[in-house]
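Atom set for the values below is all heavy atoms of this structure, side chains included, hydrogens, waters and symmetry mates excluded. Naming: A, B, ... by sequence-line order, numbering from 1 per chain. These numbers were taken from a predicted model, which means no experiment stands behind them.
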Protein chains: 2
Amino acid sequence: MDITPFLNRNLDSPLYQQLYRYFKENMHRGRIQKGMKLPSKRLLANQLSISQTTVERAYEQLAAEGYIVSKPRSGWFADYHDSDFAYAYDRMPSTTPIQQEAEENKQWIDFHYGNVDSSYFPFSAWRKSMVNSLDQYGHELYRPGHVLGEFELRTLIAEYLYQSRGVHCGPEQVIIGAGNPILLQILCQVFEPNISIGYEDPGYPRARKIFEANRMNIVPIPVDDEGICIQKVKEQQPNLVYVTPSHQFTLGTIMTINRRIQLLKWAAENQSFIIEDDYDGEFRYTGQPVPSLQGLDQHNRVIYMGTFSKSLLPSLRISYMILPSPLLKKGHEITSLYKQTVSCHSQLTLAEFIKNGEWQKHINRMRKLYRKKRAIVLEAVQRELGEHVRIRGENSGLRILLDVYLPFGEKELIEKAKKHGVKIYPVSLSYQNHPPTKTVSLGFAGVSESDIREGIKKLKAAWKI
Amino acid sequence: MDITPFLNRNLDSPLYQQLYRYFKENMHRGRIQKGMKLPSKRLLANQLSISQTTVERAYEQLAAEGYIVSKPRSGWFADYHDSDFAYAYDRMPSTTPIQQEAEENKQWIDFHYGNVDSSYFPFSAWRKSMVNSLDQYGHELYRPGHVLGEFELRTLIAEYLYQSRGVHCGPEQVIIGAGNPILLQILCQVFEPNISIGYEDPGYPRARKIFEANRMNIVPIPVDDEGICIQKVKEQQPNLVYVTPSHQFTLGTIMTINRRIQLLKWAAENQSFIIEDDYDGEFRYTGQPVPSLQGLDQHNRVIYMGTFSKSLLPSLRISYMILPSPLLKKGHEITSLYKQTVSCHSQLTLAEFIKNGEWQKHINRMRKLYRKKRAIVLEAVQRELGEHVRIRGENSGLRILLDVYLPFGEKELIEKAKKHGVKIYPVSLSYQNHPPTKTVSLGFAGVSESDIREGIKKLKAAWKI
DNA sequence: GGGTATTTGTCCGTATGTATG
DNA sequence: TCATACATACGGACAAATACC
């Protein structure tokens with residue numbers, strides 16, 4: 001067994017790891033049987049013209065992983081359990097090439113709503129928070145962690161929400177979860193099955209699907225310029241209402257203060273609850289900031305939901321909800337059933353990030369950035385598309401809607417845009433009955449300033465305006 | 001002499017100076033006598049998880065100041081003159097009381113099953129994986145990430161499961177999720193509501209609660225020495241069976257190969273599915289490794305579930321399940337409804353950790369550690385409690401059961417233990433009807449070796465044996 | 001069969017290159 | 001540029017196991 005050709009000093013991987021891999025592989029393949037003696041360190045070191053210690057290092061790694069054992073003053077012996085790779089190498093399952101989905105990176109200009117602008121993320125600050133929290137809390141990561149979420153983070157969230165959204169709560173009301181859908185799922189189980197839930201039409205399709213999956217009785221409620229129609233709510237008398245007041249999910253309208261008060265009054269009178277989903281409440285552009293429903297509520301009827309996906313990293317997967325006191329007990333119960341879904345360390349990193357003021361800083365920076373992008377998109381649409389479209393939902397959030405006054409339907413508009421390298425999105429899916437519309441959605445957060453201008457130009461060409 | 005608590009990476013002073021001060025102080029106090037040998041650089045560096053060079057720096061500084069001398073190839077030796085300290089340090093400030101909390105917690109010897117041993121977690125390796133993956137994938141953290149989980153991690157899990165458990169799957173079958181309960185929840189929605197599910201009695205109470213919350217029809221099936229009773233399964237004909245074959249959740253028995261084959265045969269014949277929850281399959285101690293149900297299955301009837309909670313960090317919150325092909329489509333659909341629940345970065349960190357062999361290393365190390373602890377607890381029980389108890393479920397996993405032959409019930413046994421500072425746990429809650437038992441559960445993973453011995457001694461006293 | 005030379009793992013200090021801030 | 005910390009690799013001293021005479 002001559003190993004010499006397998007060692008290469010010029011490779012990136014160190015000598016001892018090359019040695020380690022060599023032996024491990026030969027054990028897998030059965031060339032080194034259980035119990036066999038490995039060459040002594042000196043012998044091998046001489047043969048390979050390397051140091052004993054290097055061989056020793058390789059052997060130690062093998063030993064650490066349980067493949068070999070040392071008999072002092074006698075030698076090293078292969079001692080792996082068959083179970084370690086009993087099934088290995090007879091044939092590995094072929095890894096199916098699943099990535100075709102990635103579609104050729106044809107230079108799309110993609111107005112997808114979910115995208116955000118990555119170039120401004122404060123990497124080094126985040127990284128620092130991450131490392132700090134690991135070094136600082138290290139040993140605490142072993143506790144399963146609080147089911148509701150780390151106390152520290154919950155306190156910070158409560159404080160932030162109070163200052164920025166007027167939400168009034170204590171840390172015991174905050175529940176951290178791995179994304180809005182998970183929290184909605186938990187919420188569904190807090191309520192009895194088969195209750196009726198008022199759902200904005202159009203609204204957030206994912207939420208509707210989760211309600212459906214939990215066999216709730218969905219009552220579509222129309223939305224007008226001021227928000228959800230109270231009249232219809234009163235007619236239907238659902239047990240629960242799901243709304244997105246600070247930026248209506250599809251239409252982008254902001255619920256007026258009057259409408260809010262009416263809705264709260266109705267909920268108090270009927271002992272109903274309101275789910276206030278403030279999924280991108282951080283970003284508004286005009287007018288007075290309207291207080292959140294939760295902040296206006298006097299009767300503990302509001303469940304407030306928020307997330308860090310839009311305003312920080314979409315892939316971070318940290319969201320939260322605020323339970324009103326009547327739901328606390330049941331809420332904690334259901335939550336503890338699923339345990340906490342966000343890793344302790346992610347939570348503590350975020351807490352550190354917030355404590356250092358980096359969060360606030362980032363929000364302000366992004367708000368400024370998005371405000372600028374919004375101005376650019378509005379200006380470009382005005383100039384290029386002019387009279388042929390009407391802009392809606394432009395007062396908050398990270399997207400706008402275009403009502404298009406052309407003889408095409410939603411589908412055609414999207415198809416034509418696609419042929420010109422621009423991805424835009426339909427709104428009909430947000431409606432209960434997927435009615436035909438002439439409206440398309442443009443999320444601008446993830447598109448660069450120049451691409452916004454160019455994208456709108458391309459729309460003009462695509463639609464032959 | 002354990003120095004660990006005296007080192008703190010977050011302090012301003014560098015590690016080597018902290019070390020330097022520690023030794024200097026101890027020489028002053030006479031704890032390190034003249035001529036005594038200091039720990040070798042390697043030893044100390046390993047023990048403290050720092051680099052040799054750091055220790056070397058500290059020793060060099062001490063040497064430069066004449067406190068110690070190096071004998072080449074032999075060690076470093078204290079060599080100060082008493083006069084060196086004649087005027088210095090009239091009284092050193094008492095070393096930081098960092099361990100007080102630990103002292104208080106020490107009152108309890110807690111045999112809680114969920115605890116794990118934290119002292120062996122390779123912090124620096126984890127930290128490194130974390131930083132590396134952030135630097136390497138940074139910009140990719142903006143994509144929402146693949147709903148099933150990052151391709152890289154899914155591939156590694158598929159490979160690991162194939163080698164260690166004989167599970168046969170491709171990455172497209174793997175679904176990553178924030179904890180076993182979340183995955184169970186998703187699974188529940190993959191199946192129709194109101195189907196019947198065979199549930200081991202006794203079994204995993206949390207799983208049962210989730211099935212109940214999803215309004216499944218729960219069919220308790222008794223368990224004998226070989227595993228779940230096939231006869232009863234055949235009588236009841238549930239649509240689905242939930243089992244923990246590699247370490248029955250409550251009783252700790254390992255399902256025999258015959259029983260496995262019978263169960264699979266039944267499932268194939270009845271077009272039923274089996275959920276194989278391998279929650280701590282990494283740890284078995286005796287006998288041949290039994291192949292997983294998923295590996296034995298020829299008809300795509302098995303859903304395999306596993307987790308990194310037991311074997312890595314409980315607070316990490318990364319679990320996975322393997323769907324058989326008939327469930328793929330629906331499974332992906334439901335999963336995408338909730339989006340991916342684990343942050344991209346956590347996934348990529350874990351992937352990096354696995355790729356570097358750190359995961360395998362850690363598993364082997366923990367296996368060894370737990371094997372030892374198991375031996376200690378068995379020996380201690382044998383010696384202290386002897387004839388008065390019978391040990392069950394000792395062949396795998398991280399806990400044992402004790403059938404106690406004394407005139408006390410479960411509750412009394414636990415109460416008495418508690419009064420002597422030992423926490424042990426009931427098993428009756430795992431049964432459908434919470435029957436009275438005389439059996440208690442002792443999880444030993446999170447208890448130190450000396451505490452195990454002392455804890456068992458205290459049980460002897462508590463029960464007046 | 002008992003002493004001796006050799007082999008072998010273990011442990012030690014040292015030197016150099018690199019990443020980070 | 002410098003301080004700090006880590007990773008890799010080297011060569012030698014030591015004592016026990018083993019082989020050999």
With a 4.5 Å heavy-atom cut-off, do Leu369(A) and Arg365(A) have their side chains touching?
no

Report which part of the nucleic acid Lys37(B) touches: base, sugar-phosphate, or nothing (heavy-atom distance under 4.0 Å, all strands).
sugar-phosphate

Mind checking if Tyr16(B) touches a base, just sugar-phosphate, or nothing, with heavy atoms under 4.0 Å?
sugar-phosphate

Are side-chain N/O atoms of His345(A) and Ser315(B) paired as donor and acceptor at under 3.5 Å?
no

What is the distance, rounded to the nearest whole Å, between atom OH of Tyr59(A) and atom C1' of dG9(C)?
11 Å

Counting only side-chain heavy atoms from C-beta out, which of dT4(D), dA17(D), dT20(C) sits nearest to Arg127(A)?
dT20(C)

Could you check whether Glu358(A) pairs with Lys361(A) (Lys NZ or Arg NE/NH1/NH2 to Asp/Glu carboxylate O, under 4.0 Å)?
yes

Which nucleotide in the list dA9(D), dG9(C), dC10(D) gets nearest to the side chain of Arg42(A)?
dG9(C)

With a 4.0 Å cutoff (strictly under), does any side-chain N or O of Thr53(B) reach OP1 or OP2 of dT4(D)?
no

For Leu38(A) and dT7(C), give me the distance from atom CG to atom C1', rounded to whole Å.
16 Å

Let me know the distance between CG of Asn46(A) and C1' of dT6(C), rounded to the nearest Å.
14 Å

If I take atom CD in residue Glu60(A) and atom C1' in nucleotide dT10(C), what distance separates them, rounded to the nearest angstrom?
9 Å

Report the nucleotide, chosen from dC10(D), dC12(C), dG9(C), that has the shortest atom-to-atom distance to any side-chain atom of Arg73(A).
dG9(C)

Using whole Å, report how far CZ of Phe77(A) lies from P of dA17(D).
13 Å

OP1 or OP2 of dT8(C) less than 4.0 angstrom from a side-chain nitrogen or oxygen of Ser40(A), does that happen here?
yes

Would you please indicate if the ring centroids of Phe23(B) and Tyr59(B) are separated by under 6.0 Å?
yes

Check the phosphate of dT4(D) against Arg57(B), side-chain N and O only, distance under 4.0 Å to OP1 or OP2. Yes or no?
yes

More 5' along DNA chain D: Lys41(A) or Gln17(A), using each one's nearest nucleotide?
Gln17(A)

Within 45° of the ring axis of Tyr67(A) and under 6.0 Å from its six-membered ring centre, is that where the NZ or CZ of Lys24(A) lies?
no

Starting at NE2 of His362(B), measure out to CD of Glu282(B) and round the result to the nearest 0.5 Å.
11.0 Å

Relative to the 5' end of DNA chain C, which residue comes earlier, Gly75(A) or Gly75(B), by the nucleotide with the nearest heavy atom?
Gly75(A)

Nearest-nucleotide 5' precedence on DNA chain C, Lys71(A) against Leu43(B)
Lys71(A)

Could you state the atom-to-atom distance from CD of Gln52(B) to C1' of dA15(C) in whole Å?
12 Å

Rounded to whole Å, CD of Gln61(A) lies from P of dA7(D) at a distance of 13 Å

5' priority, DNA chain D, between Glu56(A) and Thr54(B) [closest heavy atom]
Thr54(B)

Phosphate-side-chain proximity, Trp76(A) and dG9(C), N/O vs OP1/OP2 below 4.0 Å:
yes

Closest to the side chain of Pro14(A), out of dT18(D), dT8(D), dA13(D), is dT8(D)

